[in-house]
There are 2 protein chains.
Amino acid sequence: MTTLSAIEENYLKYILQLGEMQNGNVKTNDLAYKLEHSAASVTDMLKRLADKNLVVYKKYYGVSLTKSGLKIAVKILRKHRLWETFLAKKLKFTWDKIHVIAEQLEHVQSDELIDKMDEFLGFPKFDPHGDPIPDKHGNISLPNVVSLADAKMKKQYTLQNVNDDSAAFLKYLNKIQLQLNDKIKIIDKEEFDETIQITINDKKQLTISKDAAKNLFVKSI
Amino acid sequence: MTTLSAIEENYLKYILQLGEMQNGNVKTNDLAYKLEHSAASVTDMLKRLADKNLVVYKKYYGVSLTKSGLKIAVKILRKHRLWETFLAKKLKFTWDKIHVIAEQLEHVQSDELIDKMDEFLGFPKFDPHGDPIPDKHGNISLPNVVSLADAKMKKQYTLQNVNDDSAAFLKYLNKIQLQLNDKIKIIDKEEFDETIQITINDKKQLTISKDAAKNLFVKSI
DNA sequence: TGTAATTTTTAAGCGAACTTAAAAATTTTT
DNA sequence: AAAAATTTTTAAGTTCGCTTAAAAATTACA
Ligand SMILES: [Mn+2]
Ligand SMILES: [Mn+2]
Ligand SMILES: [Mn+2]
Ligand SMILES: [Mn+2]
């Protein structure tokens, strides 16, 4: 098995991530949007990935990962999240800057490097955004979280996970001083504009938009 | 200035390194050999780099770096050597494995990453092979060393620098337990096969080939 | 100095990864 | 169920970074 290009690896990674909500099947346009490429380019590449037995591609229907495609995708995710952890914990980058750098580092080819990095970091289970880091064998501990947009009123939650691919969103969280593991309680929901009122650690009270809430994932306590 | 591809960066890096002995001018075939590409490919790329004002290319004569080409080349060298230092010092890689991984890492684009890494490592002046690490401004401290192949008999030297691009050579140094800063004295040179006899730290005595000696750089003490 | 050997460039072409425009298939709306 | 809208594929073309083969320039040497 010859090594894949960075763009091929990205396709596999995004097919994994976009497929999580749609039982594995991903549409051409969704990939095109994510990759910022034309739909024609995506069709082109999907055929080539299918030739390499990394995906199952059915015309006009969609694409999903094969066993070997999944294995590679999970490995890229593992590398991405280990690198993010390194950048934040060791190099003291803020969490809004690490994603774009990890997008490059995740494509460095060296199994020994990944494992040494994992050990250097003390085998972390989650990255700085709360995303689970797959272990050496590809096992991921999937924590059961719910989007804050779907959470119930008056219940106590803790912030477990935030969407990491918008630096602007993460900077906003810095500004309102919302961090992982903070306690969150919804005290009111506004019908009119779908904003929600929350308290953080039973102290600060603030209003956040539906859009922000969708990118925050919480666990009940 | 749009960012360069990894292969363009490699061209600049190799033009810098190959040019060091020939007052900056590098021949097409030397690059072809180093890159393991055909001479035709090299001619092709040199024209494109010249269009971008990164090199001065004169047909049938050779190529050299412009001011901006040099700046980029030195930066790649800085990144390469910082990454090698990180891999050896922090991740405990042996010195024969770090070069190939750094060949990939040197192309990651992030100025903040380089500087944070530099700080994390304590602003090292030399990499694990004794190569000088250019500082943030591109300044390199050039230590005056001489190849052991050209060193004088009976004089005391210390090993300052070893050629890092052959893993086999570095493994050989591991085997004979020769390390940076070891004291070396030439006690005999054999005319017939050009091997030389040395003592290490005034204790171990051993015979090394001309080829090995050419890749060892020493400083007199 | 003329010829041979070597080096370098030019020419033509290829695969990967993109594009836009047009055609075809699918889905939605009426 | 037909028409309209949307999605996806196909077709044709581009750039980058490579190749081989042939031509041209340079260098070596008899
Ligand atoms: Mn990320
Ligand atoms: Mn993350
Ligand atoms: Mn190196
Ligand atoms: Mn080195």
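Please read these numbers as outputs of a predicted model, since none were measured by experiment. Values below: all heavy atoms of this structure, side chains included; hydrogens, waters and symmetry mates excluded. Here is how names work: the chains are called A, B, and so on, in the same order as the sequence lines, proteins then strands, and each is numbered from 1.
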(request) Check the surroundings of atom NZ in B:K116: do more than 12 heavy atoms from other residues, nucleotides or ligands lie under 6.0 Å from it? (result) yes

(message) Please confirm whether the shortest side-chain N or O distance from A:Y57 to OP1 or OP2 of D:dT9 is below 4.0 Å.
(response) yes

(request) Respond yes when some side-chain nitrogen or oxygen of B:T43 is under 4.0 Å from OP1 or OP2 of C:dT10, and no when none is. (result) no

(request) Among A:K13, A:K97, A:R81, find the one that has a salt bridge (charged side-chain N to carboxylate O under 4.0 Å, His left out) with A:E103. (result) A:K13

(request) Flag the pair A:F86 / B:F86 as yes when their ring centroid distance falls below 6.0 Å, and as no otherwise. (result) yes

(request) Compute the ring centroids of A:H99 and A:H80, then answer whether they are less than 6.0 Å apart. (result)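 Yes, the ring centres sit under 6.0 Å apart.
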
Send over the distance from [X] [atom1] to [N] [atom2], rounded to a whole Å.
X: B:E9; N: D:dG17; atom1: CD; atom2: P; result: 11 Å
X: B:Y61; N: C:dT9; atom1: OH; atom2: P; result: 13 Å
X: A:L4; N: C:dG15; atom1: CG; atom2: P; result: 19 Å
X: A:E8; N: C:dA16; atom1: CD; atom2: C1'; result: 9 Å
X: B:N10; N: D:dG17; atom1: CG; atom2: P; result: 11 Å
X: B:L46; N: C:dT7; atom1: CG; atom2: C1'; result: 14 Å
X: B:K59; N: D:dA25; atom1: NZ; atom2: P; result: 8 Å

Distance-only donor-acceptor hits, side chain of residues 30-40 of chain A, under 3.5 Å, sequence neighbours excluded:
residue	atom	partner	partner atom	Å
A:K34	NZ	A:D165	OD2	3.4
A:S38	OG	A:S41	N	3.2
A:S38	OG	A:S41	OG	2.9

Using a cut-off of under 3.5 Å, enumerate the N/O to N/O pairs linking the protein to nucleotides 18-20 of chain D.
residue	atom	partner	partner atom	Å
D:dC18	OP1	B:H37	NE2	3.4
D:dT19	OP2	B:S38	N	2.9
D:dT19	OP2	B:S38	OG	2.9
D:dT19	OP2	B:S41	OG	2.4

(message) Show, in sequence, the C-alpha distance, side-chain angles and deciding distance for A:E194 and A:K189, and conclude whether the side chain to side chain contact (heavy atoms under 4.5 Å, CB included) test is met.
(response) CA-CA 7 Å; A:E194 296 190 290; A:K189 289 185 181 183; over 6 Å; no

(message) Strictly below 4.0 Å, N to O, side chains only: are A:K75 and A:D111 in salt-bridge contact?
(response)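 Result for this pair is yes, salt bridge flagged.
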
(message) With the threshold set at under 4.0 Å for non-hydrogen atoms, list the residues of residues 19-34 of chain B touching DNA chain D in residue-number order.
(response) none

(request) Using heavy atoms to find the nearest nucleotide of DNA chain D for A:G62 and B:Y60 separately, return the residue whose nucleotide is more 5′. (result) A:G62

(request) Report the base-pairing partner of C:dT30 (Watson-Crick or G-U wobble, both distances below 3.5 angstrom), or none. (result) D:dA1

(request) Find out whether the Lys NZ or Arg CZ of A:K90 is both under 6.0 angstrom from the six-membered ring centre of A:F120 and within 45° of the ring's axis. (result)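 Judged by the rule (NZ or CZ under 6.0 Å from the ring centre, within 45° of its axis), A:K90 counts as positioned above A:F120.
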
(request) Return yes if some donor-acceptor pair links the side-chain N/O of B:Q22 with the main-chain N/O of B:G19 below 3.5 Å, else return no. (result) no

